[in-house]
J.: 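Here it is, the structure, as structure tokens.
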Amino acid sequence: MEMQKTYNPKDFEDRIYADWEQSGYFRAEVDKNKVPFTIMMPPPNITGQLHMGHAMDATMQDTLIRFKRMQGYSALWLPGCDHASIATEVKIVEKMKAEGVTKADIGRDGFLVRAWDWKEQYGNRIMLQQRRLGTSCDWSRQAFTLDEKCSKAVREVFVNLYEKGLIYQGNRIINWCPCCKTALSDAEVEYAEEAGHFWHLRYPATDGSAEVVVATTRPETMLGDTAVAVHPDDERYQTLVGKTLKLPLTDREIPVVADAYVDPTFGTGCVKITPAHDPNDFEVGKRHDLPVIRVMNDDGTMNELAGKYQGMDRYVARKQMVADLEAQGNLVKIEGHTHNVGHCYRCHSTVEPIVSKQWFVKMEPLAKPAIQAVMKNKVKFVPERFSKIYYNWMENVRDWCISRQLWWGHRIPVWYCKDCGKVICTKEDPTHCPDCGSANIHQDEDVLDTWFSSALWPFSTLGYPDMTEDYKYFYPTDVLVTGYDIIFFWVARMIFSGIEHTGKVPFHDVLIHGIVRDELGRKMSKSLGNGIDPLEVIEKYGADSLRLSLLKGIAPGNDTRYADVKVESCRNFINKLWNAARFVLMNTEGKKIPSIEEVKFAPADKWIISKLQNCIRETTTNLTKYELGVAADLVTDFVWDDFCDWYIELSKPALYGEDEKKKTDTLAVLCFVLENALKLLHPFIPFVTEEIYANLPNTKGSIMMTDFPRYNSKMAYKREAKAFEGVMEIIKAVRAMKKDADCPPSKKVELNIVTESKRLIQTNKDCIMKLSGASALNLVDGAVEGKTVSSVTEIAQIYVPLGELVDIEKEKARLTAEIERINSEIERAQGKLNNPSFVNKAPAKLVEAEKEKVKKYEDMKAKCVAQLESL
RNA sequence: GGAGGCGUAGCUCAGUUGGUUAGAGCGCUACCUUGACAUGGUAGAGGUCGGAGGUUCGAGCCCUCUCGCGUCCACCA
């Protein structure tokens, strides 16, 4: 097959993916002869579209899983989607609103029909988009948090926790979203600074003897006040404690209580206590046995206990009440005040702390072993610093509110007996009350927090609670790859869930990455409209270029910026690789290539093979350490600098020469190095490496199923490679000399070389001449007469007669400068050696290196001085 | 209030247990269409690593202080 002059990913990416998928290569088998390696894909929401964050997340995972697969592991990357209870429900309600339909109109069953329709329509979209990236997930095991398998695990886990007393129902202050009309967990509230006010209100004592002034940021909640608190030691208010106050705008009387919660130095030292609408007040209320008066409805309007304000929206009521208080003379003052206001993470409405009966998971017993697991390195965060963030959260976590007043999700598996009040929580749906036998039972209306099922993802997807072959073989998983933004939502909850329900940590490593920002460093967001669609980038540059650009130069845990120019430079790299392959293929065409074992290596061959071995070793190490950015740099640098810029050029004298054996030997090395480079690159840029691999002589099958290159110490050739670098130095020196003398590169020059390494130079004569643009290479014994420019390298002095181009004065200045430079090097090294503490304390190896350096530079200096004198 | 991060070449970023002369991409300068590639080649210019002090034979890396900019958590009504 003919390769085009320019790399064009559109010609093959879709075709190759279809081939892979059809071949079954993505499927992981339970194979006792292999070691499993498992990654669970963080399930994207079914409402979602692929964005840059997904693209990076998926690319990292795909790179790791392809690497491990090639290393011989039974590599499972299990994909799937999250039903995203609240996010999806919000979207469906929005869509219904456009049609003029409400949830009440169609009822629960009708709503669920729509929700499943939605899932059918959009649930697979993002999975299809992921394929464009080249993701090698095992689609045969694709899961969904609301499917039968995952639901079974949810049920099992809920009942177990309930039976252990770790799930309970309680009346507590929770975060309420009046827009979504559901409770939220603490993690689902986002705080943002907002400009607001402090309203100072006067509450007179009922006996007229005194008054207190309280300040509030939410005056509408005063209708639910059931006390005013002061600090027990606050001398100002000693006489007030025990008295009652008249609550303005109502006909209620409320007591003054003493509670240490109050900070006497803040404000007036008097705090209105609203147990139904503030978490701290709720606690104070409990201590003083205060009534809990909730004055707000679920939709954020005032309720029947709000008197004349009933039915008003919370903000309308606020305005009206402030006006009324002012009219009464009970508004003392209004202060400007910025404070943190909580918002729903889905609809961004201001959340309302409200007392409500909800289901909770008791966190303390679960958190302890989860903290231990990380402390004892059973779970390792990469980079390590994220474990601190994890500890900080885990150590201070409050009970998890898991019930949601939504319909889309796992319904809480609890039934209530209407006759005897029994609460029934069982793994099988009950038909009657086990206590009184009544069939008059009904299920709890609420569903579970969407993260309750995500928390089980690493094992629910493998069949838990059933001890399936998959579960036994692939669990615990190996590495979780995700962003730091969901450590609390998800990572932490998977860790304690895994430990509690399976007795094992769900994964050994957590590779944390940052977020992909826009070119200006801003977060990509819908409201800013600065999002970049990965699919458009793929369309323009190809998936491989996008993948590589998302990996090159990234460091674990750090944010990165997306820039077109980065993708472009990666595309350029791939084009380079493409053309290098084209070069090799053009030359191998119709030739019989010997196997690498039969080749007699030239010095350049040993050099590139040595470089290759080094690259194999370093790349493997870094991929194993999850340093994907470093690994990507290593491989691409090897291909571009060592292979393309040097070795391919070095191969040309042999390829265009007369010696057939030399020619085919060189071709064998070219093929060998290219093939290995393709394998090293395959985890990063799977499509183009597959395409080129298919064109290589003597290859069959897919590159993704070949073995990842292994470091071969027999091919290390360290000494030979080092020696050959002396040859390269000469080539570079000649190029620089020509440039310096304004000699056109195309003009062939004569090289006269003084060296002790005569054999090395002689063996590589063709390469030196070809790469430096020389017409002749003479080994001479001393300085050459006449107008020459000269240069000194570690192993040689080079004289190039350039006739009229030679400027003696310029040449003298150059040599003088060179001697100065060498002198400063000698000084630096000698300075170290003259320092007794360096010589005594530094490792012998380093001391030796400094000595060598002095020797080398002294030698070069002598040569430079000799040259200068000869001018 | 607490925790953590960042500050390295004009720009965007690497720099893994402290160890030769601190790297890359893009940009820039000069030259080059040399039988894979101008999405290219060759040769260059350009940082002393935010600042100060300290530990060490040796610090971009460790410690203290300090300046500037993000982030997360908590939250006093």
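Because only heavy atoms are used, hydrogens play no part in the values below, and waters and symmetry mates are left out as well, while side chains stay in. Naming convention: chains lettered A, B, ... in sequence-line order (proteins, then strands); numbering from 1 in each chain.
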J.: Tell which nucleotide pairs with B:C76, taking only Watson-Crick or G-U wobble pairs whose two distances are both under 3.5 angstrom.
T.: none
J.: When the P atoms of B:G46 and B:G41 are compared, how many Å lie between them, rounded to an integer?
T.: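 Between the two P atoms, the distance is 23 Å.
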J.: Categorize A:Ile487 for me: base, sugar-phosphate, or nothing, with a 4.0 angstrom heavy-atom threshold over every strand shown.
T.: nothing
J.: Would you mind telling me which of B:C31, B:U21, B:C37 lies closest to the side-chain atoms of A:Pro745?
T.: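 Among the listed nucleotides, the one closest to the side chain of A:Pro745 is B:C31.
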J.: Categorize A:Lys738 for me: base, sugar-phosphate, or nothing, with a 4.0 angstrom heavy-atom threshold over every strand shown.
T.: nothing
J.: Of all the nucleotides listed (B:U16, B:U39, B:G19), which has the minimum atom distance to the side chain of A:Ala842?
T.: B:G19
J.: Taking the side chain of A:Arg385 as its heavy atoms from C-beta onward, which of B:A36, B:G5, B:U16 lies nearest to it?
T.: B:G5
J.: For A:Thr560, report the nucleic acid contact type (base, sugar-phosphate, nothing); a contact means any heavy atom under 4.0 Å.
T.: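 Nothing, no heavy atom under 4.0 Å.
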J.: Centroid-to-centroid, A:Phe489 to A:Tyr345, below 6.0 Å?
T.: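 Yes, they do, as the ring centres are separated by less than 6.0 Å.
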J.: Could you give the distance separating B:C13 and B:C31 at their P atoms, to the nearest angstrom?
T.: 33 Å
J.: Counting side-chain heavy atoms from C-beta on, which of B:C31, B:A36, B:G15 comes nearest to A:Ala555?
T.: B:G15
J.: Parallel, tilted or perpendicular: which describes the rings of A:Trp393 and A:Phe488, with under 30° parallel and over 60° perpendicular?
T.: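 The arrangement is parallel - the two ring planes meet at less than 30°.
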J.: On the 0 to 90° scale, with breaks at 30° and 60°, tag the A:Trp640-A:Phe573 ring pair as parallel, tilted or perpendicular.
T.: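 Tilted, since the angle between the ring planes falls between 30° and 60°.
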J.: Closest approach to the side chain of A:Lys841, judged atom by atom: which nucleotide of B:C57, B:A36, B:G5 is it?
T.: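 Per side-chain heavy atoms of A:Lys841, the pick is B:C57.
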J.: At under 4.0 Å between heavy atoms, what does A:Ala580 touch on the DNA or RNA strands: base, sugar-phosphate, or nothing?
T.: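 Contact class for A:Ala580: base.
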J.: B:U16, B:U42, B:A38: which one has an atom nearest the side-chain heavy atoms of A:Lys5?
T.: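 The answer is B:A38, which lies nearest to the side chain.
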J.: Please measure how far the P atom in B:C62 lies from the corresponding atom in B:G15, and state the result in whole Å.
T.: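 Nearest-Å result for B:C62 against B:G15 at atom P: 12 Å.
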J.: Describe the nucleic acid contact of A:Gly553 in one word from base, sugar-phosphate, nothing, applying a heavy-atom distance below 4.0 Å.
T.: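 Sugar-phosphate only.
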J.: Whole-Å distance between B:A36 P and A:Phe583 CZ?
T.: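 Rounding to the nearest Å, CZ of A:Phe583 and P of B:A36 are 6 Å apart.
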J.: Taking B:G18 as the reference, what is the distance to B:A3 when you measure between their C1' atoms (whole Å, please)?
T.: 27 Å
J.: Scan every strand shown for a Watson-Crick or G-U wobble partner of B:C11, both distances under 3.5 Å, and answer none if you come up empty.
T.: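 B:G25 - that is the nucleotide pairing with B:C11, both distances being under 3.5 Å.
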J.: According to the Watson-Crick and G-U wobble definitions, with both distances under 3.5 Å, which nucleotide is paired to B:C62?
T.: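 In the structure as shown, B:C62 has B:G54 as its Watson-Crick or wobble partner.
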J.: Can a donor-acceptor pair be found between the side chains of A:Ser545 and A:Lys540 at a distance below 3.5 Å?
T.: no
J.: Does the ring of A:Phe838 meet both stacking tests against the six-membered base ring of B:G58: centre distance under 5.5 Å and plane angle under 30°?
T.: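 Here A:Phe838 fails the 5.5 Å or the 30° condition.
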J.: Using purine N1 to pyrimidine N3 plus N6-O4 or O6-N4 for Watson-Crick, or N1-O2 and O6-N3 for G-U wobble, each under 3.5 Å, what pairs with B:U42?
T.: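 Partner of B:U42: B:A30.
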J.: NA contact type, A:Cys644, heavy-atom cut-off 4.0 Å: base, sugar-phosphate, or nothing?
T.: base
J.: For A:Ser746, answer base if it contacts any base atom (sugar-phosphate contacts may also be present), sugar-phosphate if it contacts only those atoms, and nothing otherwise; contact means non-hydrogen atoms under 4.0 Å.
T.: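 Result for A:Ser746 = nothing.
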J.: With rounding to the closest Å, how many angstrom separate the P atoms on B:C72 and B:U55?
T.: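 The answer is 39 Å between these two P atoms.
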J.: With a 3.5 Å distance limit and no angle check, can you tell me whether A:Asn530 reaches the backbone of A:Lys523 through a side-chain donor-acceptor pair?
T.: yes
J.: Could you check which of B:U42, B:U21, B:C37 has an atom nearest any side-chain atom of A:Arg735?
T.: B:U42
J.: In terms of relative ring orientation, are A:Tyr647 and A:Phe643 parallel, tilted or perpendicular, with 30° and 60° separating the classes?
T.: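 The arrangement is parallel - the two ring planes meet at less than 30°.
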J.: From the options B:A36, B:G19, B:G40, select the nucleotide whose nearest atom is closest to the side chain of A:Asn572.
T.: B:G40
J.: How does protein reach along nucleotides 69-77 of chain B, written 5' to 3' as B (base within reach of a heavy atom under 4.0 Å), S (only sugar-phosphate), or - (no contact)?
T.: ---SSBBBB
J.: Taking the chi torsion of B:G23, is it syn (within 90° of 0) or anti (everything else)?
T.: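 You should classify B:G23 as anti.
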J.: If I pick the P atom on B:G40 and the same atom on B:G27, what distance separates them, to the nearest angstrom?
T.: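 Comparing P positions in B:G27 and B:G40 gives a spacing of 9 Å.
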J.: Mind checking A:Pro843 for me? I need base, sugar-phosphate or nothing, with any heavy atom below 4.0 Å counting as a touch.
T.: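 Result for A:Pro843 = base.
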J.: Starting the side chain at C-beta, find the nucleotide from B:U12, B:C57, B:U20 nearest to A:Lys853.
T.: B:U20
J.: For A:Arg571, check side chain to side chain donor-acceptor pair (under 3.5 Å) against everything at least two apart and list the hits.
T.: none
J.: Where the side chain of A:Asn579 is defined as all heavy atoms beyond and including C-beta, which of B:C37, B:C57, B:U39 is the nearest nucleotide?
T.: B:C37
J.: Per the side-chain contact (heavy atoms from CB on, under 4.5 Å) rule, which among A:Ile254, A:Asn330, A:Val213, A:Val256 passes with A:Tyr203?
T.: A:Ile254
J.: Are a donor atom and an acceptor atom from the side chains of A:Asn587 and A:Tyr656 found within less than 3.5 Å of each other?
T.: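 A:Tyr656 and A:Asn587 do not have a side-chain donor-acceptor pair below 3.5 Å.
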